Protein chains: 2
Amino acid sequence: MAYESALAALADPTRRQIFETVAAAPSSVGLLAGQLPVSRPAVSQHLKALSDAGLVTVTKQGTRNIYAACPDGLADLRRYLDGLWGDVLTNFAKDIAKELPND
Amino acid sequence: MAYESALAALADPTRRQIFETVAAAPSSVGLLAGQLPVSRPAVSQHLKALSDAGLVTVTKQGTRNIYAACPDGLADLRRYLDGLWGDVLTNFAKDIAKELPND
DNA sequence: CAGATTCGTAAGCCACCCCTTACGGTAAGT
DNA sequence: ACTTACCGTAAGGGGTGGCTTACGAATCTG
C-alpha cells in the first residue's frame, strides 16, 4: 500500500546507506552523521523520509533519538516485488515457448 | 551488483507503470505511450533506463520495437532486499528482547 | 539557574531529473 | 522511389530533491 514511499526512500544512495547502517545496529542521529559525508540536518531529513516510509522507528533516550530499522516498510516493498516477480516469470516462460516453435 | 539502478528505475511512478504494463504483456513503444499521459520520446527514455537496469529487453519486429520484462534486474533487487530483511529481523528480535528484561 | 549537548525545522541554493519539441534514421507499403 | 509508420537521440526548460547554514526547542550536567 505504501511501497511507493519505501521505493523512493531506498532509491537515494545516502538514505540507503543510512538504512543499511541502522539495519545492522540502531544508532543516534549524530553518530550516523559522523560516519557520513553529509551534515547532521541532512541525516535528520533522510531519517524523516525513512520514517514516513515505515522503514525506521524512533525511541527517545534523553536528549538523543535512537533510530532502528522497522520490518513494516520492507515487508510492503517485498510483497510488491514478489507480485511483479510472478507476472514477469509467467510472461517470460510464455515468450520462451513462442521463440521455439520447432522441436 | 546492479540493484541500485533497478531501485532508481522503479522509484519513478511513470517508469513503474511502464514496467508493470510490460510485465503483464510485452508491448511496443507507441502502444505504451498511447495509454500514458506522456509523450512517446519520454517513454523511449524511460525504457532505456529500464533496459540499463536489466529490467526489460528489446526485440525488433520490423519497424517497431517490442519491450518485454526481464527477470534479471528484479532478481538482483530481490536478492538485495532479502539480505536487508535478514539484518532487520535479527536486530528487531534483539531489540524486543532488550525491551522485556522482566519475566 | 547557566551552560552544554542533541536534535528538528526553516530558508535558500544548486544540480539533476523528467518532460517537451525537433530532427534524423530505418523498415514496410504502394 | 516516394510516402508512411515507428522509433531513438539531441537540445532546452521547469520543477523537484538533496545539501548547507542558521535558528529554536528539549534534556542533561555543573
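Quick caveat: nothing in here was measured; it's all calculated off a predicted structure. Reminder, nothing fancy here: chain letters follow the sequence lines and each chain counts from 1.
- Side-chain contact check for B:Leu32 versus B:Leu47: some heavy-atom pair is nearer than 4.5 Å.
- A sub-4.0 Å separation between OP1 or OP2 of C:dA28 and a side-chain N or O of B:Thr63 is absent.
- Between the side chain of B:Gln45 and the base of C:dT20, at least one donor-acceptor pair of N or O atoms lies under 3.5 Å.
- A sub-4.0 Å separation between OP1 or OP2 of C:dC18 and a side-chain N or O of B:Arg15 is present.
- A sub-4.0 Å separation between OP1 or OP2 of D:dC19 and a side-chain N or O of A:Thr14 is present.
- Regarding contacts with the backbone of D:dG8, a side-chain N or O of B:Tyr67 is found under 4.0 angstrom from either OP1 or OP2.
- Rounding to whole angstrom units, CG of residue A:Asp12 and C1' of C:dC17 are separated by 13 Å.
- Remark: P of C:dG8 and CG of A:Asp52 are 12 Å apart, rounded to the nearest angstrom.
- OP1 or OP2 of D:dC6 has not a single side-chain nitrogen or oxygen of B:Asn65 nearer than 4.0 Å.
- When distances are taken from the side chain of B:Ser44 to each of C:dC18, C:dT9, D:dG8, the shortest belongs to D:dG8.
- Across D:dT20, C:dC18, C:dT21, the shortest atom-to-atom separation from the side chain of B:Pro41 is found for C:dT21.
- Across the protein-nucleic acid pair, A:Arg16 atom CZ and D:dG17 atom C1' stand 15 Å apart, rounded to whole Å.
- Between A:Leu74 and A:Phe19, some side-chain heavy-atom pair lies under the 4.5 Å cut-off.
- Considering every non-hydrogen atom in both A:Pro71 and B:Trp85, the closest pair reads O-CZ3, 3.4 Å.
- We find that A:Asp82 and A:Arg78 are not joined by a salt bridge, their nearest charged nitrogen and carboxylate oxygen being 4.0 Å or further apart.
- A side chain to side chain contact (heavy atoms under 4.5 Å, CB included) with B:Leu55 is found for one member of B:Leu77, B:Leu50, B:Asp72 and no other, namely B:Leu50.
- Here D:dG8 presents its C1' atom at 15 Å from CG of B:Leu32, a figure rounded to the nearest Å.
- Put simply, CZ on A:Arg64 is 22 Å from P on D:dA25, counting in whole angstrom units.
- Across the protein-nucleic acid pair, A:Lys48 atom NZ and C:dA10 atom C1' stand 14 Å apart, rounded to whole Å.
- Taking only distance into account, the side chain of A:Arg40 meets the base of C:dG8 through a donor-acceptor pair shorter than 3.5 Å.
- Going from atom NZ of B:Lys60 over to atom C1' of C:dA28 covers 12 Å, rounded to whole Å.
- Distance, A:Gln17 CD to D:dG18 P: 15 Å, rounded to whole Å.
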